[in-house]
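In this text the structure is predicted, and so the values were computed from the model without any measurement. The chains referred to below are lettered A, B, ... by the order of the sequence lines, with proteins before strands, and numbering in each begins at 1.
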Amino acid sequence: MKKEKGQFFKDVYEVVKLVPYGRVTSYGAIARYLGASGSARMVGWALNGAGKYPSVPAHRVVNSKGILSGRAHFGSSDEMKNQLEAEGVKVKGDKITNFAECFWDPGTELL
DNA sequence: CTTTTGACGGGGG
DNA sequence: TCCCCCGCCAAAA
């Protein structure tokens with residue numbers, strides 16, 4: 001059992017993979033769940049490496065405003081939006097219109 | 001080793 | 001309501 005230096009990254013991936021189909025979560029919610037509340041940036045930075053992990057539905061992670069802030073990191077600008085809409089998430093431009101309906105907080109609902 | 005970055009969040013103007 | 005600034009902390013250069 002060895003401690004890997006990217007432990008934070010790993011934790012983020014695990015939580016993101018727990019996001020149910022048709023649901024989304026925010027960077028801050030994940031950060032808070034990991035005990036890194038306030039360090040939401042770390043979650044975003046961690047997801048920067050999530051592209052190497054196809055099991056990590058990074059497209060289900062948006063900022064607190066329900067905006068697809070990370071869409072630019074996907075293959076295409078519409079990739080993230082496309083996948084969210086495919087799961088029943090209503091996306092208008094770069095924002096989730098039914099954000100409150102599909103929002104999933106790991107520290108609240110997963111608990 | 002130091003410095004910059006980075007897909008955020010919240011507060012203030 | 002929109003725009004700007006600060007704080008958070010780990011990873012990469």
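Within the 4.5 Å cutoff, no side-chain heavy atoms of A/I67 are placed close to those of A/V62. Looking at A/D94 and A/K81, their side chains never come closer than 4.5 Å, going by heavy atoms from C-beta outward. No side-chain heavy atom of A/P57 sits less than 4.5 Å from a side-chain heavy atom of A/Y21.
Mapping A/F9 and A/S37 onto DNA chain C via the closest heavy atom, the residue that lands nearer the 5' end is A/S37.
Under the ring-ring contact (aromatic ring centres under 6.0 Å, His included) criterion, A/F8 pairs with no residue at all, not counting sequence neighbours. For A/E87, the side chain to side chain donor-acceptor pair (under 3.5 Å) partners are A/H59, A/R60, not counting sequence neighbours.
Put simply, CD1 on A/I30 is 15 Å from C1' on B/dG6, counting in whole angstrom units. Rounded to whole Å, the distance from NZ on A/K52 to P on C/dA11 is 12 Å.
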**Complete:** With sugar-phosphate taken as primed atoms, P, OP1 and OP2 and all else as base, the protein-contact string of nucleotides 7-13 of chain B at under 4.0 Å (heavy atoms; B, S, -) is BBSS---
